[in-house]
Engineer: 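So that we are looking at the same thing, I have put the structure below in structure tokens.
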Amino acid sequence: MRGRYWIFDIASDEKGEKIYIWGLSQDGTPYLFVDTSFKDFFYVLDVNIDRLKTRLIEALGSRYGDISIESTYKVVNGVEKEVFIVSGPEETLKLASRAITSFFGEDKIFEDDVRYTQKYILYRGLRVCGWYEVEYGDEMELKGYRGYQLISYSPIEEAIQPRMKAVSIDFVISSTQGSPDPDRDPINAIVIFDGEKLEKFVLEGGNDVKMVREVIDYIAKLDPDVVISFYGNRTFFPYLVNRFKRMGLTMDLGRFPKEIHQSILGHFSFGGRINVDLYEYVDDIPFFQRKTLEELAEYLKIDRPSKTIDILLYNRYWREYREELIEYISWRAKAMYAAFKALEGDIYILSNVTGIPPDYVLTSSSGRQIEFYIMSEAVKKGLVIPRSSERFVRSYPGGLVIKPVVGLHRDVCVIDFKSMYPSLMIKYNISPETVVSSPVEEGFFFEEVGLGVRIDVNGLFPEILRTLLRLRNEARERLSKIPKGSPEFRLLDARQRIYKILANTVYGYMGWSLARWYSFEGASLVTYLGRRTISQAIEYASELGLKVIYGDTDSLFVKYDEAKVGRLLDRIYNEMGLEAKIDKIYRSILFTEAKKRYAGYTYDGSIDIVGLEYTRRDWCDYARELQYEVIKAVLVEGDKKKAIDVFRDYVARIRKGVVPLEKLVIWEQITRNLRDYKANAPHIEVAKELERRGWRIRRGMFIGYIVLKGGGPIYKRSVYYVEADPEKVDVNYYIYHQLLPVVHRVLSPLGVSKSSLEAVAAGTGRGLDMFMG
DNA sequence: TGGGGCCGGGG
DNA sequence: GTGTACGGCCCCA
């Protein structure tokens, strides 16, 4: 039989000798194909074949018969040589690789650290989230699920994705003693949304087993392809597994295999269904400052909740305002569903491009995403995949930052090098295997850093970068011919974006000590050439009589002069072989004394604020809003007096006590284990206090705190924001340590002194006095 | 008063 | 768990 299927997940059996492929037919029916034709394997090199066999017989005993050894040629570290392919069931190979490693050493074995399912994708060149024409044979019975023996498949071009059936899930788990404990606290409620119907399961009485069973049956009946959650991998799924395993119950959420199992990096898998934890999506994007579902919903223009309930208040709401809590998690489930629908195309494209199945592409870090892409390119070229090993973390110099010319400037343009690091890597053939630390006959060498490259071979990374940039250009080319807003447009746009992101990640990946293709020298050489390039461009600019006001890594801010800037760009192109462009033009731009902190007003009418407090979550919203208004007054209206009036007004309002408490919250992240902190700081102290009260504080959590009145250091009088008494807020802290500094930062380059602002805050001055500077 | 710890955002 | 450069807060000696 044959048909067209969209492949969305890959799994393997327990022994590791069969591959399960999940596909969706055009009408949205799930199909399971079983491929028994692909064996797991690894490479062994530079060992004596007889000794290898003897060692394997010793280690494997009767299971030696399950494996086979063949020889072939592969490129290892740039050299083609004979290698042995040891193949067999994944389970047996694990024993074999351990035996080889301990006997012959870790450097004699390759790709034993690449999982069976990954190898399948790599060596079969499978495009996940793509359409295939599949030929398959007999129906097979797999513990109650039916699958088909796979015969062959070939990719087909089809841009549109099938309609995936998704359900979102949210829950209430609460405790009177801080964080809920799976041994002690039942699950209070679960809501499930399938796009049309919202089903609520609310615990009556003390035993949640029956309720959870109903939930599982309900999900099985809906039979979704995707299960959407927000933070599910870190809370709900582990809780489910732990709570019910101890009761001797299994958690069947999958099609086949059914049971939830924890795989890499805290990800939970359900056979045949994709687990999408949207937290993993927002986590990677700096734009989302607090990583909440509310932020994601706002960004996607999804309806707001009538009220947001902090997790610390769940228990109280569960007891006293249950309806409101259920309403909130119902909103969450619906918002997650809507968010997934808006983002699913992006997820599938990311999956398709990197080769990582959608089930865990969001869980994979950007380093692992680009690494998988590089692995697939390496396999295509017959290169052996290096292993990643523990290495010393060494740091090296980065980009060059020019000190800004302080003050307000008019007509300033920003010149950007186009993809500077990727372009340099291409121009100089920089790749882990081409970098040298002494001069070579065919190549470049840079004495200042004692590093160079050979150019007698094409580097892997430059080739990958050329491909990525070409694919991006092709995608953009096609985009210009498609109507904006159509589904095809959105998918292609996502695709070109991902190519760009991947290209920009390659340099950082090379400098990452855990990378399979780690190259400290390569990364150092790239940044060195970056510094040289920007310095050279500055020289050209001054030769042309362009005044450089600021610059950072790959950008230059110069006083705008159309003709001269044009000549600068030409010179960069002709003499350096690199492309630069005018990124934007500011009618007014303000630089403080500090690097990486400025605000500008463009000719498009938008205000850019970079690095200043306005952009930072560790300043309260009230101060951030004030800074925005001050910047606007200065840049757009050119009115310093108005800026000071705004400040005066903000001070008056907080003194009156009319500022909502949530605008005074300062958010900071817990970045390590609480006991590893050496210093005292407000957010750390608040977190420690929560921990004393039974809350589990984990790395990555955001602590929102408010500073209260009292003497001594502020870490001793900061409290978790939901527990602050509005009467006790330290108004003076907020005036002198939040409001005043953000105003001073912007006005000080314009000659407004701190003391004059203090006088305004105290109500004794107008701010525009003679104490300047 | 200055240096260390810590955090967040820029390119 | 992609990289480095940077500013600025609070705390403490």
Side-chain angles (χ1 to χ4, degrees), chain A residues 264-266 283-290 363-371 373-374 388 390-391 393-404 414 416-417 419-421 461 501-520 522-528 530-531 534 550-557 583 592-598 608-619 623 666-672 676-685 699-700 702-703 707 712-718 733 736-738 741-742 744-745:
Chain A
I264 44 160
L265 303 166
D283 196 20
D284 268 0
I285 301 175
F287 172 82
F288 300 111
Q289 289 193 317
R290 288 192 34 223
T363 317
S364 310
S365 67
S366 20
R368 294 296 170 207
Q369 287 172 11
I370 184 64
E371 182 161 80
Y373 182 84
I374 296 170
S388 61
E390 206 67 49
R391 296 182 186 96
V393 178
R394 288 195 283 165
S395 65
Y396 55 88
L400 184 66
V401 190
I402 311 296
K403 234 171 140 186
V414 186
D416 261 10
F417 279 88
S419 308
M420 183 196 249
Y421 287 173
F461 281 22
I501 292 169
L502 288 178
N504 285 339
T505 312
V506 173
Y507 144 74
Y509 170 79
M510 186 166 60
W512 176 37
S513 68
L514 295 176
R516 288 174 184 274
W517 278 273
Y518 175 52
S519 174
F520 175 84
S524 315
L525 182 54
V526 172
T527 56
Y528 163 73
R531 293 191 297 276
I534 197 79
Y550 177 63
D552 186 348
T553 311
D554 62 352
S555 65
L556 275 189
F557 292 59
D583 187 42
T592 67
E593 318 59 31
K595 296 171 175 177
K596 296 184 189 279
R597 288 178 183 223
Y598 57 87
D608 288 346
I609 302 178
V610 178
L612 295 168
E613 289 75 4
Y614 171 77
T615 64
R616 302 175 60 100
R617 67 163 168 257
D618 56 353
W619 287 79
I666 296 160
W667 291 94
E668 281 183 87
Q669 194 174 25
I670 297 297
T671 61
R672 55 189 80 178
D676 295 338
Y677 280 105
K678 287 186 232 167
N680 291 316
H683 72 294
I684 301 166
E685 198 47 45
R699 280 167 49 188
F702 292 97
I703 301 291
V707 179
I714 60 169
Y715 76 90
K716 287 188 175 155
R717 47 195 175 88
S718 298
Y733 171 80
Y736 292 100
H737 294 268
Q738 293 276 320
V742 306
H744 185 239
R745 192 95 51 224

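Convention: sequence-line order gives letters A, B, ...; per-chain numbering from 1. These figures come from a predicted structure and were not determined experimentally.
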Engineer: Look only at the side chain of A:R616 and the backbone of A:G611, and say whether a donor-acceptor pair between them is shorter than 3.5 Å.
Structural biologist: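 No, A:R616 side chain to A:G611 backbone: no donor-acceptor pair under 3.5 Å.
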Engineer: Both A:Y507 and A:V401 contact DNA chain C. Taking the nearest nucleotide for each, which residue is further toward the 5' end?
Structural biologist: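 Checking each residue's closest nucleotide, the 5'-ward one belongs to A:Y507.
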Engineer: Can you see if the side chain of A:R717 gets near the phosphate of C:dC10 - specifically, an N or O under 4.0 Å from OP1 or OP2?
Structural biologist: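 No, A:R717 has no side-chain N/O under 4.0 Å of OP1/OP2 on C:dC10.
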Engineer: Taking A:T615's backbone N and O only, do any of them form a donor-acceptor pair with A:Q289's side chain (distance below 3.5 Å, no angle check)?
Structural biologist: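 Looks like yes, one N/O pair under 3.5 Å.
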Engineer: Is the A:F461 ring parallel, tilted or perpendicular to the A:Y509 ring (thresholds 30°, 60°)?
Structural biologist: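 Judged by the thresholds at 30° and 60°, the geometry between A:F461 and A:Y509 is tilted.
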Engineer: Verify the contact: side-chain N or O of A:N680 to OP1 or OP2 of C:dC10, cut-off strictly under 4.0 Å; return yes or no.
Structural biologist: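 So the side-chain polar atoms of A:N680 never come under 4.0 Å of the phosphate oxygens OP1 or OP2 of C:dC10.
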Engineer: Taking any heavy-atom pair under 4.0 Å as a contact, classify A:I370: base, sugar-phosphate, or nothing.
Structural biologist: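 Since no nucleic acid heavy atom lies under 4.0 Å of A:I370, the category is nothing.
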Engineer: Heavy atoms only, 4.0 Å cut-off, all strands: where does A:A594 land among base, sugar-phosphate and nothing?
Structural biologist: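 Here A:A594 touches the backbone only, sparing every base.
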Engineer: Could you tell me the separation between the CZ atom of A:F520 and the C1' atom of C:dT2, rounded to a whole number of Å?
Structural biologist: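 For the pair A:F520 CZ and C:dT2 C1', the rounded distance is 15 Å.
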Engineer: Any base atoms under 4.0 Å from A:T671, or only sugar-phosphate, or nothing? Heavy atoms, all strands.
Structural biologist: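 The residue A:T671 makes sugar-phosphate contact but no base contact.
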Engineer: For C:dC12, does either OP1 or OP2 sit under 4.0 Å from a side-chain N or O belonging to A:Y715?
Structural biologist: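 Answer yes for this pair, as a side-chain N or O of A:Y715 is under 4.0 Å from OP1 or OP2.
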Engineer: Across the strands shown, which category fits A:F287 at heavy-atom distances under 4.0 angstrom: base, sugar-phosphate, nothing?
Structural biologist: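 The answer is nothing, as A:F287 stays clear of every strand by at least 4.0 Å.
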Engineer: Does A:R616 put a side-chain nitrogen or oxygen below 4.0 Å from OP1 or OP2 of B:dG8?
Structural biologist: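 No, outside the criterion.
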Engineer: Calculate the interatomic distance between A:L514 atom CG and C:dG1 atom P; express it in whole Å.
Structural biologist: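 From A:L514 CG to C:dG1 P: 11 Å.
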Engineer: So what does A:Y396 hit on the nucleic acid, given a heavy-atom distance under 4.0 Å: a base, only sugar-phosphate, or nothing?
Structural biologist: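 Result for A:Y396 = sugar-phosphate.
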Engineer: Nearest whole Å is fine: how far is B:dG5 P from A:E668 CD?
Structural biologist: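 Distance check: A:E668 CD to B:dG5 P gives 17 Å.
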Engineer: Within the 4.0 Å heavy-atom criterion, would you say A:G367 contacts the bases, only the backbone, or no part of the nucleic acid?
Structural biologist: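 It contacts sugar-phosphate atoms only.
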Engineer: Quick check: does any side chain N or O of A:R516 sit under 3.5 Å from a backbone N or O of A:I374, one acting as donor and the other as acceptor?
Structural biologist: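 Between the backbone of A:I374 and the side chain of A:R516 there is no qualifying donor-acceptor contact (under 3.5 Å).
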Engineer: Counting any heavy atom closer than 4.0 Å, what does A:S366 reach on the DNA or RNA strands: base, sugar-phosphate only, or nothing?
Structural biologist: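 Counting heavy atoms under 4.0 Å across all strands, the contact made by A:S366 includes a base.
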Engineer: If you define the side chain from C-beta out and look only at heavy atoms, does anything of A:N680 sit under 4.5 Å from A:I684?
Structural biologist: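 SC-SC contact between A:N680 and A:I684 ruled out.
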Engineer: Select base, sugar-phosphate, or nothing to describe what A:R745 touches, counting heavy atoms under 4.0 Å on all strands.
Structural biologist: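 Sugar-phosphate only.
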Engineer: Taking only side-chain nitrogens and oxygens of A:H683, does any of them come within less than 4.0 Å of OP1 or OP2 of B:dC7?
Structural biologist: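 Yes.
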Engineer: For A:E371, report the nucleic acid contact type (base, sugar-phosphate, nothing); a contact means any heavy atom under 4.0 Å.
Structural biologist: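 Contact class for A:E371: none.
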Engineer: Remember a base hit wins even if backbone is also touched, and classify A:P713 as base, sugar-phosphate or nothing at under 4.0 Å, heavy atoms.
Structural biologist: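 Sugar-phosphate contact only - A:P713 comes under 4.0 Å of backbone atoms but never of a base.
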Engineer: I want to check one thing: is the phosphate of B:dC7, taken as OP1 and OP2, less than 4.0 Å away from some side-chain N or O of A:Y677?
Structural biologist: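 Yes, because at least one side-chain N or O of A:Y677 sits under 4.0 Å from OP1 or OP2 of B:dC7.
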Engineer: What is the distance from atom NZ of A:K678 to atom CZ of A:R672, rounded to the nearest 0.5 Å?
Structural biologist: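 Output value for this atom pair is 8.0 Å.
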Engineer: Grab the CD-P distance between A:Q369 and C:dG1 for me, whole Å please.
Structural biologist: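 To the nearest whole Å, that distance equals 12 Å.
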Engineer: Indicate, with a heavy-atom threshold strictly under 4.0 Å, whether A:K595 touches base, sugar-phosphate, or nothing.
Structural biologist: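 Result for A:K595 = sugar-phosphate.
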Engineer: Can you figure out which of C:dC10, C:dC6, B:dC6 approaches the side chain of A:R672 most closely?
Structural biologist: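 Closest of the options to the side chain of A:R672: B:dC6.
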Engineer: Out of B:dC6, C:dG7, C:dT2, which has the shortest distance to the side chain of A:R597?
Structural biologist: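 The listed nucleotide nearest to A:R597's side chain is C:dG7.
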Engineer: Without decimals, in angstroms, what is the distance between A:I684 CD1 and C:dC11 C1'?
Structural biologist: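 In whole Å, C:dC11 C1' lies 11 Å from A:I684 CD1.
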Engineer: Can you tell me the distance, in whole Å, between the CD1 atom of A:I670 and the P atom of B:dC7?
Structural biologist: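 Rounded to the whole Å, the gap is 7 Å.
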Engineer: When you measure from the side chain of A:K678, which nucleotide among B:dG10, C:dC11, B:dG5 comes out closest?
Structural biologist: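 Nucleotide nearest to A:K678's side chain: B:dG5.
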Engineer: Taking OP1 and OP2 of C:dT2, is either one under 4.0 Å from a side-chain nitrogen or oxygen of A:S365?
Structural biologist: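 For C:dT2, OP1 or OP2 has a side-chain N or O of A:S365 closer than 4.0 Å.
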Engineer: Identify whether any heavy atom of A:W619 sits under 4.0 Å from a base atom; if not, whether one sits that close to sugar-phosphate; answer base, sugar-phosphate or nothing.
Structural biologist: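 Sugar-phosphate only.
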Engineer: Considering every strand and a 4.0 Å limit on heavy-atom distances, what is the contact class for A:Y733: base, sugar-phosphate, or nothing?
Structural biologist: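 Sugar-phosphate, backbone atoms only, no base.
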Engineer: Nearest-Å distance, CD (A:E593) to C1' (C:dG7)?
Structural biologist: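 Rounding to the nearest Å, CD of A:E593 and C1' of C:dG7 are 11 Å apart.
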Engineer: Between A:Q669 and B:dG8, does any side-chain N or O lie under 4.0 Å from OP1 or OP2?
Structural biologist: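 Looking at the OP1 and OP2 atoms of B:dG8, one of them is under 4.0 Å from a side-chain N or O of A:Q669.
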Engineer: Rounding to an integer number of Å, can you tell me how far A:W512 CH2 sits from C:dT2 P?
Structural biologist: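 Roughly 5 Å, once rounded to whole Å.
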Engineer: What do you reckon, is CZ of A:R391 surrounded by more than 12 foreign heavy atoms closer than 6.0 Å?
Structural biologist: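 For A:R391, atom CZ is crowded (more than 12 foreign heavy atoms under 6.0 Å).
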